[in-house]
Participant: 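Please see the structure below; I have some questions.
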Amino acid sequence: METKTVKDRKHTWSFSSIKLFDQCPKKYYHLKVAKDYTEDFNTRVILYGNEFHKAAEDYVSGAKAELDARFIYAKAALDRLMGMPGDKLCEYKMGLTENLEPCDFYAKDVWYRGIADLLIIDKAVGAAKVIDYKTGKSARYADKGQLELMALCVFKHFPEIKVIKAGLLFVVCNAFVGEVYTVEKQSPLWQKWMATYGGLERAFSNDVWNAKPTGLCRAHCVVLECPHNGRR
């Protein structure tokens, strides 16, 4: 059987993976392509975030009548979302093909994957809301790129939707970073993300994964073989 080279591999992506590539192509290569290093996702901060997401999903979907007591501070915000008109879709998975056609998250021809923490679809008025929960202590460095991609996915999966109000809901620090997207503005957003994805595609095509050193390399990066890693 013929073995596929890096150049031949399918280049599926998500917001988190493209952010990883932008952070450092070499790190992306070792974590996503060679897979000879792994990151620890069992840290206290990550586990807390995952537990909140699960609790919010159970509460908003109605799977549990009460919100986990540990997250009671977010109940008022979640209740407001639950009271909004429209169908509530929790942890909603969406996929797109390379031709920007909607597809299943696990489809064989899936090209982009995204998961909306909460998607509220109000078909009666052709509007939707996309909410992404954040458990960080500050919204100072909020990145709305995730909202852009989620909005673009929603427009493809729900063609009756013409306006999307999206937001990063920082439940711990009680902050909200929002944006409004209209169906007419898809093209410039796709141009932006296609350009970003182009860098990843070129890295695969050329099999070149250059390191991008930052102040976090020496003490925090898991790729020990990198010359910028201080823990070798």
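Please read all numbers here as calculations on a predicted model, not as lab measurements.
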Participant: Between the side chains of Asp79 and Tyr59, does any donor sit under 3.5 Å from an acceptor?
Facilitator: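 The answer is yes; a qualifying pair exists.
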
Participant: Taking only residues two or more places apart in sequence or in another chain, which ones pass salt bridge (Lys or Arg N to Asp or Glu O under 4.0 Å) with Lys27?
Facilitator: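 Lys27 satisfies salt bridge (Lys or Arg N to Asp or Glu O under 4.0 Å) with Glu39 only.
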
Participant: Does one side chain, of Tyr197 or Trp111, offer a donor that lies under 3.5 Å from an acceptor on the other?
Facilitator: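 Yes, Trp111 and Tyr197 have a side-chain donor paired with an acceptor closer than 3.5 Å.
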
Participant: The criterion is side-chain contact (heavy atoms from CB on, under 4.5 Å); which residues satisfy it with Ala76, sequence neighbours excluded?
Facilitator: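 Ala76: side-chain contact (heavy atoms from CB on, under 4.5 Å) contacts with Arg80.
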
Participant: Applying salt bridge (Lys or Arg N to Asp or Glu O under 4.0 Å), which residue pairs with at least one partner in residues 81-91 are found, sequence neighbours left out?
Facilitator: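 Output for this query is empty, none listed.
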
Participant: Can you list, pair by pair, the side-chain donor-acceptor contacts under 3.5 Å of residues 160-176, counting residues two or more places apart and other chains?
Facilitator:
from, atom 1, to, atom 2, distance (Å)
Lys162, NZ, Pro159, O, 3.0

Participant: Measuring from His228:NE2 to Arg218:CZ, what's the distance to the nearest 0.5 Å?
Facilitator: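 It comes to 11.0 Å.
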
Participant: I would like to know whether Leu31 and Leu20 meet side-chain contact (heavy atoms from CB on, under 4.5 Å); could you show each step before the answer?
Facilitator: CA-CA 9 Å; Leu31 293 180; Leu20 174 60; 4.0 Å; yes

Participant: Enter the distance from Tyr112:OH to Leu149:CG here, rounded to the nearest 0.5 Å.
Facilitator: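 Here the interatomic distance stands at 4.0 Å.
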
Participant: Looking at Asn206 and Arg202, would you say the former's side chain and the latter's main chain have a donor-acceptor pair under 3.5 Å?
Facilitator: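 Present.
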
Participant: Rounded to the nearest 0.5 Å, how far does OH of Tyr28 lie from CZ of Phe204?
Facilitator: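 Rounded to the nearest 0.5 Å, the CZ-OH separation comes out at 4.0 Å.
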
Participant: Got a donor-acceptor contact below 3.5 angstrom from the Asp58 side chain to the Lys64 backbone?
Facilitator: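 Not confirmed, Asp58 side chain does not pair with Lys64 backbone.
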
Participant: With side chains defined as the heavy atoms from C-beta onward, is the minimum distance between Met94 and Val154 less than 4.5 Å?
Facilitator: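 Result yes, sub-4.5 Å side-chain heavy-atom pair found.
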
Participant: I need the minimum non-hydrogen distance between Ser14 and Ser17, along with the two atoms involved.
Facilitator: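 Nearest pair, atom of Ser14 first, then Ser17: N-OG, 2.8 Å.
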
Participant: Evaluate the ring planes of Tyr92 and Phe158, with Trp represented by its six-membered ring, and classify them as parallel (under 30°), tilted (30 to 60°) or perpendicular (over 60°).
Facilitator: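 Correct class here is tilted.
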
Participant: Other than Phe105, what residues sit in its cluster of Ile, Leu, Val, Met, Phe, Trp and Tyr side chains whose heavy atoms are under 4.5 Å apart, directly or through others?
Facilitator: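 Besides Phe105, the cluster holds Tyr106, Ile115.
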
Participant: Could you give the distance from OH (Tyr29) to SG (Cys226), rounded to the nearest 0.5 Å?
Facilitator: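 The distance works out to 13.5 Å.
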
Participant: Not counting sequence neighbours, which residues clear salt bridge (Lys or Arg N to Asp or Glu O under 4.0 Å) with Glu98? List them please.
Facilitator: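 Glu98 satisfies salt bridge (Lys or Arg N to Asp or Glu O under 4.0 Å) with no other residue.
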
Participant: Are Phe15 and Asp143 packed together at the side-chain level, in the sense that at least one heavy-atom pair is separated by less than 4.5 angstrom?
Facilitator: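 Heavy-atom side-chain distance check passes, below 4.5 Å.
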
Participant: What distance separates Phe21 CZ from Ser16 OG, expressed to the nearest 0.5 Å?
Facilitator: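 Rounded to the nearest 0.5 Å, the CZ-OG separation comes to 14.5 Å.
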
Participant: Can you list the residues that meet the side-chain contact (heavy atoms from CB on, under 4.5 Å) rule with Ser138, with sequence neighbours excluded?
Facilitator: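 For Ser138 the side-chain contact (heavy atoms from CB on, under 4.5 Å) partners, ignoring immediate neighbours, are Arg140.
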
Participant: Do the non-hydrogen side-chain atoms of Tyr48 and Thr43 ever get within less than 4.5 Å of each other?
Facilitator: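 The answer is no; the side chains never approach within 4.5 Å.
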
Participant: Locate the shortest heavy-atom distance separating Gly49 from Thr135; write the atom from each residue and the value.
Facilitator: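 Heavy-atom minimum between the residues: CA-OG1, 3.5 Å.
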
Participant: Side-chain heavy atoms under 4.5 angstrom apart, residues restricted to Ile, Leu, Val, Met, Phe, Trp, Tyr: same cluster for Val208 and Ile18?
Facilitator: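 Different hydrophobic clusters.
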
Participant: Tell me, do Met150 and Asp132 make a side-chain contact under 4.5 Å, heavy atoms counted?
Facilitator: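 Side-chain contact under 4.5 Å: no.
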
Participant: Would a single hydrophobic cluster contain both Met82 and Leu67, if residues Ile, Leu, Val, Met, Phe, Trp and Tyr are joined by side-chain heavy-atom contacts under 4.5 Å?
Facilitator: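 Leu67 clusters together with Met82.
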
Participant: Any non-hydrogen side-chain atom of Leu152 less than 4.5 Å from a side-chain atom of Trp193?
Facilitator: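 Result yes, sub-4.5 Å side-chain heavy-atom pair found.
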
Participant: Any salt bridge (Lys or Arg N to Asp or Glu O under 4.0 Å) pairs touching residues 179-201, not counting sequence neighbours?
Facilitator: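 Pairs touching residues 179-201 that pass the test: Lys144-Glu179, Glu148-Lys192.
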
Participant: Does Met194 share a hydrophobic cluster with Val183, counting links as ILVMFWY side-chain heavy atoms below 4.5 Å and allowing steps through other members?
Facilitator: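 In one cluster: yes.
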
Participant: Where do Leu96 and Cys153 come nearest, in terms of heavy atoms and distance?
Facilitator: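 Where Leu96 meets Cys153 most closely, the heavy atoms are CD1-SG, 3.8 Å.
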
Participant: Under the salt bridge (Lys or Arg N to Asp or Glu O under 4.0 Å) test, which residues partner Arg70, sequence neighbours left out?
Facilitator: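 Partners of Arg70 under the salt bridge (Lys or Arg N to Asp or Glu O under 4.0 Å) test: Glu51, Asp68.
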
Participant: Consider only side-chain heavy atoms of I, L, V, M, F, W and Y, link residues closer than 4.5 Å, and tell whether Leu89 and Val130 are in one cluster.
Facilitator: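 Yes, because Leu89 and Val130 connect within a single hydrophobic cluster, where side-chain heavy atoms sit under 4.5 Å apart.
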
Participant: I'd like a table of donor-acceptor pairs (distance under 3.5 Å, sequence neighbours excluded) in which one partner is a side-chain atom from residues 116-128, with atom names and distances.
Facilitator:
from, atom 1, to, atom 2, distance (Å)
Asp117, OD2, His53, NE2, 3.0
Asp117, OD2, Tyr133, N, 2.8
Asp122, OD1, Ala124, N, 3.4

Participant: Is it true that Glu225 and Lys26 have a side-chain N and a carboxylate O under 4.0 angstrom from each other?
Facilitator: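 Yes, this pair counts.
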
Participant: For Val177 versus Leu147, what's the shortest heavy-atom pair and its separation?
Facilitator: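 In terms of heavy atoms, the two residues are closest at O-CD1, 3.9 Å.
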
Participant: To the nearest 0.5 Å, how far apart are OG1 in Thr97 and NZ in Lys108?
Facilitator: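 Between Thr97 OG1 and Lys108 NZ, I get 15.5 Å after rounding to 0.5 Å.
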
Participant: Within the 4.5 Å heavy-atom criterion, are Leu81 and Met84 side-chain neighbours or not?
Facilitator: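 Side chain of Leu81 against side chain of Met84, heavy atoms only: contact under 4.5 Å found.
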
Participant: Measuring only between side-chain heavy atoms, which start at C-beta, is Asn229 closer than 4.5 Å to Cys217?
Facilitator: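 Side chain of Asn229 against side chain of Cys217, heavy atoms only: no contact under 4.5 Å found.
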
Participant: Taking Glu57's backbone N and O only, do any of them form a donor-acceptor pair with Ser61's side chain (distance below 3.5 Å, no angle check)?
Facilitator: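 Yes; judged by distance alone, with no hydrogens or angles, the pair exists.
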
Participant: Return the set of residues passing salt bridge (Lys or Arg N to Asp or Glu O under 4.0 Å) with Lys129 (not counting sequence neighbours), or none when no residue passes.
Facilitator: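 Expected list: none.
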
Participant: For the residue pair Trp209 and Asp207, establish whether any side-chain heavy-atom pair is separated by less than 4.5 Å.
Facilitator: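 Yes - at least one pair of side-chain heavy atoms lies under 4.5 Å apart.
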
Participant: Quick one: name the residues clustered hydrophobically with Phe41, using the 4.5 Å side-chain heavy-atom rule over I, L, V, M, F, W, Y, and just say none if it's on its own.
Facilitator: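 Same cluster as Phe41: Ile46.
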
Participant: For Gly95, does its backbone N or O pair with a side-chain atom of His157 as donor and acceptor, under 3.5 Å?
Facilitator: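 Yes; at least one donor-acceptor contact below 3.5 Å.
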
Participant: Compare every heavy atom of Thr182 with every heavy atom of Phe155, then report the nearest pair and how far apart it is.
Facilitator: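 The pair with the smallest heavy-atom distance is CZ-C, 3.5 Å.
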
